[in-house]
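Just so we're on the same page: letters track the sequence lines, and every chain starts at 1. Heavy atoms only: backbone and side chains are in, while hydrogens, waters and symmetry mates are out.
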Amino acid sequence: MATNPPSERRKKIEAIEREQKTRRVVMYTIIAVVAVAVLVPIVWLIAANLAPAPEPVSTPTAESTGAAAASGAVSDSLHAAVFGDGKVEVDVFFDFMCPGCGSFESVNSADLMQLVSEGAITLRMHPMNFLDRLSQGTNYSTRAANAFVAIARAEPDKALQFADYLWHNQPGENTEGLSDAEIAAYAQQAGVSQAVIDTFSELANADWITATTAYAWDEAGMESTPGLKVNGEIVAGLLDKPYTIDIMTPGVLKAELEKLNG
Amino acid sequence: MADPITGLLTLRQKNGWIFGFMLFSSCVSLTASFVLSYDALLIAANPEIVLNCDISGTLSCGTVGRSWQAALFGFPNAFLGLVAEPVVITIAVASLAKVKFPKGFMLAAEIVYLLGFVFAYWLFIQAYFEIGALCPWCLLVTLSTTLVFSTLTHVNIRDGNLFLPERVSKALQWGCRVGIDLLIVIVLLATVVLLIVSKYGSSLFG
């Protein structure tokens with residue numbers, strides 16, 4: 001050290017000082033970046049929690065209008081939208097995104113609607129949302145089922161027609177599904193009032209649908225969709241068994257249900 | 001203020017810290033790879049299965065696991081993690097036991113892990129922009145791969161294992177000493193966090 005000329009020693013000290021200074025700048029930058037990465041989500045979370053505050057104001061009104069007609073179709077204890085009061089009990093478990101459900105409905109939807117109106121069957125529709133993952137983040141299953149349940153609550157006589165429109169325009173898996181505007185348009189086509197359509201965006205029935213999905217798997221004994229029960233017997237919906245009735249051939253299910261009705 | 005910072009940055013250069021952290025990260029990555037491999041088998045056995053990490057439409061291993069990107073080479077990507085991470089674990093454990101690997105060996109490890117690192121971020125980008133769902137175990141792989149890659153790169157720069165020209169090597173070593181490598185990692189991870197929150201914030205928390 002002593003042999004170093006002073007200027008060289010000075011240079012070394014300067015280099016060390018520069019390194020320490022840079023080190024400090026880098027550290028503060030790191031702390032700032034970490035703070036941003038932590039604070040932004042927190043602020044966002046708080047803002048998101050504050051923003052929906054107006055929603056609860058409108059949700060009770062939506063629920064109260066729904067509750068007035070709720071006896072019409074939606075039963076919490078049955079986890080179903082119930083149509084008709086015929087002798088034969090038919091439970092359908094479905095997801096609006098499920099292609100098999102689309103096939104089932106395009107074969108049987110009109111027949112089931114007819115049997116309901118004739119008073120031959122009690123049709124319990126159990127909308128599920130487990131295929132939300134197949135609509136690229138738009139949660140089509142929940143959006144469609146929510147609209148269906150909202151209609152079943154408020155204007156039950158329009159619900160099956162609405163569902164029929166959705167089935168005939170079923171989007172493919174792994175697409176974004178029908179848009180909110182398209183769902184609203186089909187509801188309008190089915191004669192649903194604008195006041196009910198306006199409640200769709202609140203997704204007020206989302207939790208109900210999730211609970212129905214859990215009920216289908218855990219309590220109703222379903223393993224896949226479309227699921228079908230007739231008078232409590234599983235006709236379709238088990239993984240290792242094909243349908244006990246050929247429900248994919250037009251007229252077969254209808255004939256079977258008419259036979260049971262006697 | 002300068003003292004704890006200096007202390008931390010000195011600790012960061014030590015073998016014990018680097019390889020200990022590498023060991024921890026690679027064990028996390030191996031665990032996540034194992035879970036994802038097992039899920040891939042469950043999905044193969046029953047395509048309709050609802051996995052326990054299918055929390056919502058947004059948080060779903062199943063959605064990501066069923067995508068074509070999840071088996072880019074014809075088999076589940078997670079199998080690569082099962083193959084590669086034990087090698088990193090071995091390097092970390094041996095280095096903690098003071099084994100000194102030849103430069104060429106460490107360079108090879110760096111190159112192979114660079115491929116894994118790039119692949120991990122390609123998958124994240126695919127999941128983010130194309131698949132439209134987040135898979136918690138995949139994100140854990142993204143995180144742990146980043147940490148392993150950064151520690152491996154750090155040690156290779158520090159020890160001059162990358163056969164770089166003297167000047168470049170010196171500059172990189174200086175960068176590591178002042179913590180620029182750490183800054184890059186933090187910025188990268190912060191970007192990932194902010195990307196996720198900006199796109200999925202409402203469905204994650206709401």
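At a heavy-atom separation below 4.5 angstrom, chain A is approached by no residue within residues 13-38 of chain B. Residues of residues 173-191 of chain B lying under 4.5 angstrom from chain A, judged on non-hydrogen atoms, are B:W174, B:R177, B:V178, B:G179, B:I180, B:L182, B:L183, B:I186, B:V187, B:A190 in numerical order.
In A:D207, the CG atom is not crowded: 12 or fewer heavy atoms of neighbouring residues, nucleotides or ligands sit closer than 6.0 Å.
Here the side chains of B:L194 and A:V36 are in contact, with some heavy-atom distance below 4.5 Å. Inter-residue side-chain proximity for B:R66 and A:R133 is flagged as met; some heavy-atom pair is nearer than 4.5 Å.
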